[in-house]
Amino acid sequence: MLEFDTVVKTFGDLAALDGCTFAARPGRLTGFLGPNGAGKTTAMRAVFGLVELDSGAVRWRGAPISGAERARFGYMPEERGLYPRMRVRDQLIYLGRLCGRTSKEVSRTVDAWLERLGLADRTSDSLDTLSHGNQQRVQLIAALVNEPELVVLDEPFSGLDPLAVAAMSELLVELSGAGATVLFSSHQLDLVEHLCEDVVIIDNGRVVLAGDLEDLRAAVPQRFVNIRYRGEAPDWCRLPCVQVVEASDGEVRLCIDRNADLAPVLAAARATGDLISFSYQPPTLSELFRHAVAP
Amino acid sequence: MNGVRQIWLVAVREMRERGRSRAFRISLAIMILVVIGMIIVPALIDTSGGSKDVGLAGTVPGDLSQTIVDQGTAVGTTTRVQHFDTLAAGEDAVRNGDIDVLVVDAQRLEWRRREAPQLRAIVTGAIQLVAVRERAAAAGISPDELLALVAPVPVENVELGSVPGRSLDDETAAIVMIALLLIAISTYGNLVLAGVVEEKASRVVEVLLVRMPARSLLAGKVLGIGLLGLGQFVVTALAALVAIRAVDTFDLPAVRGAVLAWVVLWFVLGYALYASVYGALGSLASRSEDAQSVAGPATVVLIAAYFASFTTVGSPESLPARLLSYFPATAPMAMPSRIAMGATTWWEPLLAIALTLAAIAGLVQLGGRVYTRAILHSGPTLRLWDVWRGGTSRRSGAVGGSPTVPGG
């Protein structure tokens with residue numbers, strides 16, 4: 001378990017992390033969300049001791065993280081980087097050996113990953129001769145070279161084509177399925193919703209929402225109702241305690257306070273003429289997100 | 001994870017990757033060729049020590065030929081004489097460089113370009129001697145008496161130089177050593193600088209610092225490039241030594257193994273001193289283009305130290321020379337020069353080594369601190385002062401992380 005305990009980090013006047021508290025659990029995929037500048041990258045760097053914290057602590061299995069543990073963790077930084085003119089395999093083995101493993105152990109892991117990601121024939125090419133997509137794959141192997149128990153990936157999906165996104169998703173699910181703690185940041189909410197059991201949403205350096213995604217959806221103080229109909233649309237906004245989330249011809253999604261009476265809504269829907277369907281739908285992650293970080 | 005093992009892994013990577021690069025191999029070849037060239041080419045051009053060819057044309061007194069050879073022998077110059085039937089043939093031989101001078105009618109010397117003073121002295125001396133003999137014979141003095149009277153006395157030339165026991169060539173050698181040390185320290189110092197900036201610019205440093213402390217990374221880089229440089233330096237020095245032996249034109253009592261060992265030691269110390277500064281300054285730049293400008297101060301100090309060290313060649317015993325050879329920034333070039341000139345007492349190199357080691361220890365601490373704080377900062381080039389001030393107060397800004405990319 002990776003824990004952030006009231007972590008504070010300021011840069012000058014700017015509080016990048018302002019009492020940030022959350023946890024990522026083993027065997028689960030945790031999506032780390034937040035608007036640009038919310039503090040995601042700083043938080044991820046804090047796991048690896050790359051920023052000096054002003055106060056608070058980051059813990060792994062209940063204890064402060066040691067240098068040796070850190071070295072074994074997998075990390076894909078936001079700004080990708082490897083030695084451009086070093087050979088792919090040499091580079092990965094070097095990175096693995098820096099963490100204290102023997103050349104033989106590292107070679108086995110590296111070769112398996114190169115094989116799996118389709119780079120087996122490029123092992124002795126220098127990195128800068130590879131395509132952008134293949135360089136991303138090498139960067140991913142660099143993060144996984146030590147068979148880490150904790151994997152932290154900063155925007156692993158950015159810049160990937162749809163096929164690569166699918167491959168990366170499968171890999172993350174597999175890693176967490178094998179028992180690793182996986183924390184990754186992303187702006188692709190649909191993807192996170194689809195993949196993650198847990199989410200953490202951060203805004204202005206504070207965690208505004210965190211936990212099991214299903215629990216979070218159930219705990220929302222509103223109900224979301226999807227209505228399909230045929231005929232003239234009523235003025236939904238005039239109904240009490242109702243907000244229109246999305247409206248198109250013949251279809252509307254409403255957000256209604258949990259305690260509000262649904263009868264007037266149903267009546268209004270019937271009044272349109274033909275009511276085709278009227279159903280409760282849990283909030284999407286994107287709705288949760290917008291509520292959580294609303295200005 | 002063992003820090004020493006990490007430092008060694010970093011060093012091995014530096015040596016392997018750089019040793020493998022074509023640029024390194026070419027630069028090694030060029031360096032060896034330049035050094036050998038510097039030694040061999042002057043020897044080929046400078047033929048003063050070799051034999052001289054003198055041509056005779058027109059009226060030639062009977063024993064002039066032998067007298068020229070004898071006069072040459074007296075001053076240690078082998079002289080060969082040949083006769084030309086016509087003036088034109090003799091002048092052609094001068095123009096072709098077959099002979100060094102043509103003596104016409106025992107009265108005129110013809111050179112291709114400028115006269116060679118020593119050869120001129122030999123030939124004119126011989127002409128005078130022959131004339132004296134002829135006049136003596138005419139005056140009734142017997143040839144034997146005359147020979148005893150005018151037999152040439154061998155004269156020896158000695159170049160004293162500035163320091164007893166050291167030749168002018170030793171001074172040249174000291175100057176060459178200072179130049180080699182400057183080239184080596186600045187070449188490998190700049191490799192450290194470029195390596196640090198490259199790691200920062202390519203962002204690989206973030207992947208590395210997850211695995212090891214910044215100080216280990218810097219130390220490994222300085223060590224690896226240093227060992228590579230030491231190898232290259234030793235190979236070049238050996239090539240120079242072989243070339244000197246081969247052409248055998250230098251009189252170098254001072255360039256013995258012991259002096260070369262001192263030079264190698266001072267290369268190591270000078271490199272360690274300047275490389276830690278170059279490494280720390282390199283961490284301030286975010287792009288390769290900014291590398292030279294952030295390293296400017298170190299380069300200026302290094303060049304100033306180079307010129308200052310020249311004063312130790314001319315007057316190695318003077319007070320300024322002694323101070324320069326103790327001061328850590330100048331000692332790596334000034335001290336070996338004084339050692340080569342034989343101007344040091346036993347404790348002086350030891351004092352200089354102690355001071356330089358202390359300075360290296362201090363600079364590694366300071367440099368490591370700057371490097372650790374600046375290396376993860378992206379965005380515009382940092383100023384040393386900002387990093388330093390930031391270092392003394394943790395909450396004051398541009399430190400450790402990066403104010404320009406706090407989010408994500």
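Excluded from the calculations below are hydrogen atoms, water molecules and symmetry mates; all remaining heavy atoms, backbone and side chain alike, are included.
Listed here is the closest heavy atom pair of B:Arg5 and A:Gly100: NH1-CA, 3.3 Å. A:Ala142 and B:Arg211 make their closest contact through O-NH2, 2.8 Å (heavy atoms, listed as atom of the first residue, atom of the second, distance).
Residues from residues 13-29 of chain B that place a non-hydrogen atom less than 4.5 Å from a non-hydrogen atom of chain A comprise B:Arg13, B:Glu17, B:Arg20, given in numerical order.
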Show the numbers, then the answer: is there a side-chain contact (heavy atoms from CB on, under 4.5 Å) between B:Glu206 and A:Arg45?
CA-CA 9 Å; B:Glu206 197 164 342; A:Arg45 285 177 153 194; 3.0 Å; yes
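There is no contact between A:Asp13 and chain B, counting heavy-atom distances below 4.5 Å. Looking at A:Val8, neither its backbone nor its side chain comes within 4.5 Å of chain B, counting heavy atoms on both sides. Using a 4.5 Å cut-off between heavy atoms, B:Val205 does not touch chain A at all.
Counting heavy-atom pairs closer than 4.5 Å to chain B, the top residue among A:Phe73, A:Tyr83, A:Phe48 is A:Tyr83. With chain B as the partner, the residue from A:Leu95, A:Val47, A:Asp90 showing the most heavy-atom pairs under 4.5 Å is A:Leu95.
Between A:Arg85 and B:Glu198 the shortest side-chain heavy-atom distance falls below 4.5 Å. Annotation: side chain of A:Pro77 is in contact with side chain of B:Val207 (closest heavy-atom distance under 4.5 Å).
Although no hydrogens or angles enter the test, the distance criterion places no donor-acceptor pair under 3.5 Å between the side chain of A:Glu79 and the main chain of B:Arg203.
For A:Asn134, the CG atom sits in a packed shell: over 12 heavy atoms of surrounding residues, nucleotides or ligands are nearer than 6.0 Å.
One finds the CG atom of B:Leu217 at 8.5 Å from the CG atom of A:Leu98 (value rounded to the nearest 0.5 Å).
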